[in-house]
Amino acid sequence: MTQDAKHAERADAAAADRAAWLTAELNRHLHAYHVLDAPTIPDAEYDRLFIELQELEAAHPDLALPDSPTQRVGAAPLGQFDAVTHVVPMLSLNNGFSDEDIDNFDRRVREGLDAGQVDYACEVKFDGLAINLRYENGVFVQAATRGDGYTGEDVSANIRTIKSIPLRLHGEALPDVLEVRGEVLMFKADFAAMNERQRAAGQKEFVNPRNAAAGALRQLDSRITAQRNLRFFAYGIGELTGAAMPDQHSALLDWYEQLGLPVAKQRAVVTGKDGLLDFYARIGKTRPAMPYEIDGVVYKVDSVADQRALGFVSRAPRFALAHKFPAEEALTTVQAIEVQVGRTGAITPVARLVPVFVGGVTVTNATLHNEDEVRRKDVRVGDTVIVRRAGDVIPEVLAVVLDKRPTPAPAAYVLPDTCPVCGSHVVREEGEAVARCSGGLTCAAQRKEAIRHFAGRRMMDIEGLGDRYIDSLVEANLVHGVADLYRLTLDDLLKMKSDADERDGATPETVRQGKVATKWADNLLEAIAISRKPPLERLLFGLGIRHVGESTAKTLADWLGRFELIRRAPAALLRVLPDIGGTVAESIADFFAEEKNQQAIDALLAAGVAPQGEHPPKAQLREKLDEVQLLAAIGIPKLTEPRAKQLLQAGLTLEQMALQKIFTVYGLPATVAGALEEWAASEPNRTMLMSLSALRAELLAQLPEAAADEGPMAGRTFVLTGTLPTLSRDAAGAMIEAAGGKVSGSVSKKTSYVVAGAEAGSKLAKAEALGVTILDEAALLALLGK
DNA sequence: ACTCCTCGAGTTCC
DNA sequence: CTCGAGGAGT
């Protein structure tokens, strides 16, 4: 090595040392300033060191450390945010409002743990945005929004600009992976200052700190985020590997502080219900003086082992509760009460209000839900009402201020008895809360809603087909039903758009820009063309069958596999599928039996709409096709399952039943036989029975042969009981079936395993009595090799 | 028969 | 987000 090279190497080594020292030093000051609130050096000195580091890194780009504070100034804009799947889902909390709610929470916790008194970790509930920070070996690698709890967006570049978030955790022996959960928010003072700047620059002001923080976090250009002064507080944990989980939640927060993470100071460990209420009262008093907005406090069972024991109900933990402050209320006046017509014809009264600022937004409309609700609250046009944002989102009319009712008093509100859109009668079924327009698809409002539903993101996902265009297409008589969408031409769309623009008083520019309109129409046609190949369940959901949402549509698609079969299935067959009972089954069968719907579906298929992912019926359908079950599922009066069994064992088949008129010979009591004869006297009933029998045979022929013999769990039977900590019943069942195992409802000698969660009942006791192996969720996952 | 839970439907504002 | 209704478990 030459002298020069040696010299250069020494210089590089010195530069590297200096960069490392500067990084550590600057991070120390950042932490002292932003987390501990105790500045250690003057700002000017900080800036000097910062610039030195910046210059050093500019000269030697390879020296930049992953936790260098120069990473925080923001990076060039992103095209979009990447999706991030949360390893541990980010769940929401149950809410409590009254002392009674808190009492119930504490009682349930004590009952669940079989304990006399429970210690709780209490903290404030920030009004911000939940974020997951991922650290690998102590280095910040990724930040993601909550999203729907299972999948969020990667906002790492924006989060990096938050100075109170350490890019490297403090201390030794750091976990391999640590996911810190917490809240990103904006201080009230920073919000006010920012709006001041926005105003001065003639730009849009934000309505509240939460929206401002959300806006800053969603910036594709993180250099803008860097100017917004966001803050972060840690309060929870996601994935953790390579380190032990602390025994208490309070200890976790202490650990976070040692790691250099910001944790809110207002926290305490209290005992029992009285401790919770004390904490709530104390925080309520200091709330106005806090630098940030909070909307309540959060209680968590302090012991982590107890938290695990309590587990989860659906999407919320049983061991935690958010105790919300009362929602802000405001007074305003009812200008009018109008009604809306929904997709199912539901007539919903809506109060048009004099705009009022409440709970951080301006409210102009509030739903009155239904006739009974209006009557109960006695809301009348001209009334002064108290409004609030229920659950912080949906405006609600709390009550009428009767003292302020004008004189003479306006008339009590009466729901119209004809549909305001189509004039059909409004009917209200016995025992139902909603009134409905009887016009069905002849009602323009329902047609529009049906099309809007069909085109929606979770159904056929036709991008660019918004409300405005649906209105225009229906009003221009171009589209009467969903099938018409597939017959639209470029000319149709262009004509419709120019009419619509004219009607809406569009500016001359838009009218002149024929090219823009053509592009829009091309895109829409393209989107419609793409939607010709929807997954089967999406098509089913999109049809808008009453009681068939995302989940039921999936059940139908999974079990029966082919659209043709689903269309023809009688209610009795649908009824044997999981989560489908009499009402839902009838609703589906009635929909497909309706002449108009038949035509609409045929038109869709003729237009080239072809459901994707069709497959043979699910193998497990074989058991469901048991004749006894099917016969009982028809719901013939007095024909219970044992009686059905009796009939079939006596040698009667479904086909014979359709022809048979005398049932006394099968040894049934006279009343049952009589009811049967009466039922079988009806021609439609017999026809239904014939088609049920035929379809059953067809399905059996299509079933895959003995698929259950495959997979590691083949031949083993599982029973699920209680609530598992993270998996839903269905998810666990699906995993077992995917591995070739069978899930059954009741425990017997033949049961291989019982999977028990929290609050397991008699099944667990029976399993213990029979000596069946009992698994918890972790053991199940281990067994399945997950 | 009763209770708990999930799903569907409707709604507001940015 | 909330409500009601349907479904399933006890």
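Within every chain, numbering begins at 1; the chains are lettered A, B, ... in the order of the sequence lines, protein sequences first and strands thereafter.
- Listed candidates were C:dG6, B:dT12, B:dC4. Nearest to the side chain of A:Arg108 is B:dC4.
- Residue A:Arg546 contributes atom CZ, which lies 10 Å from atom C1' of B:dA9 at whole-angstrom precision.
- Applying the 4.0 Å criterion to OP1 and OP2 of B:dT11, one finds that A:Asn365 has every side-chain N and O outside that range.
- A distance below 6.0 Å separates the ring centres of A:Tyr299 and A:His323.
- Distance from the side chain of A:Thr344 is smallest to B:dA9 among B:dC13, B:dC5, B:dA9.
- When the nucleotides B:dT11, B:dG8, C:dG6 are ranked by their closest atom to the side chain of A:Glu550, B:dG8 comes out on top.
- Within the 4.0 angstrom heavy-atom criterion, only backbone atoms of the sugar-phosphate kind lie near A:Val363; the bases stay farther away.
- Using a 4.0 Å cut-off, some side-chain N or O of A:Thr583 falls inside it from OP1 or OP2 of C:dG7.
- Closest to the side chain of A:His547, from the set B:dG10, C:dG6, B:dC13, is C:dG6.
- As a whole-Å value, the separation of A:Asn94 CG from C:dC1 P is 11 Å.
- Taking 4.0 angstrom as the limit, A:Gln340 places none of its side-chain polar atoms (N or O) nearer than this to OP1 or OP2 of B:dG10.
- With rounding to whole Å, A:Glu371 atom CD is found 17 Å from C:dC3 atom C1'.
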Point to revise | Derivation of the side chain to side chain contact (heavy atoms under 4.5 Å, CB included) call for A:Phe357 and A:Val207 | key: CA-CA 10 Å; A:Phe357 191 78; A:Val207 69; 3.3 Å; yes

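- Put simply, CD on A:Glu586 is 16 Å from C1' on C:dA5, counting in whole angstrom units.
- Backbone-only contact: A:Gly582 has heavy atoms under 4.0 Å from sugar-phosphate atoms and none from a base.
- Nearest nucleotide to the A:Arg343 side chain, out of B:dC14, B:dA9, B:dT11: B:dA9.
- Rounded to whole Å, atom P of B:dC14 lies 16 Å from atom CG of A:Leu129.
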Practice item. Go through the steps for A:Leu415 and A:Val374 under the test side chain to side chain contact (heavy atoms under 4.5 Å, CB included), then give the verdict. Key: CA-CA 9 Å; A:Leu415 204 70; A:Val374 185; 6.0 Å; no

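- Under the Watson-Crick or G-U wobble criterion, with both distances below 3.5 Å, B:dC7 is paired with C:dG4.
- Looking at A:Lys188 and A:Glu293, no side-chain N of the basic residue comes within less than 4.0 Å of a carboxylate O on the acidic one, giving no salt bridge.
- Taking 4.0 angstrom as the limit, A:Thr348 places a side-chain polar atom (N or O) nearer than this to OP1 or OP2 of B:dT11.
- The side chain of A:Thr362 lies closest to B:dC14 when the candidates are B:dC14, B:dA9, B:dG8.
- B:dA9 atom P lies 7 Å from atom CZ of A:Phe541, rounded to whole Å.
- Looking at the side chain of A:Asp579, the nearest of the listed nucleotides B:dA9, C:dG7, B:dC4 is C:dG7.
- Under 4.0 angstrom from either OP1 or OP2 of B:dC13 there lies at least one side-chain N or O belonging to A:Thr364.
- Remark: aromatic rings of A:Phe126 and A:Tyr292 are close, center separation under 6.0 Å.
- In this structure, A:Val207 reaches neither bases nor backbone, as no heavy-atom distance under 4.0 Å exists between it and the strands shown.
- In this structure, A:His453 and A:Phe541 have perpendicular ring planes: the angle between them is above 60°, well past the 30° mark.
- Between the CD atom of A:Glu111 and the P atom of B:dT3 there is a distance of 15 Å, rounded to whole Å.
- In this structure, CZ of A:Phe357 is placed 13 Å from P of B:dC13, rounded to the nearest angstrom.
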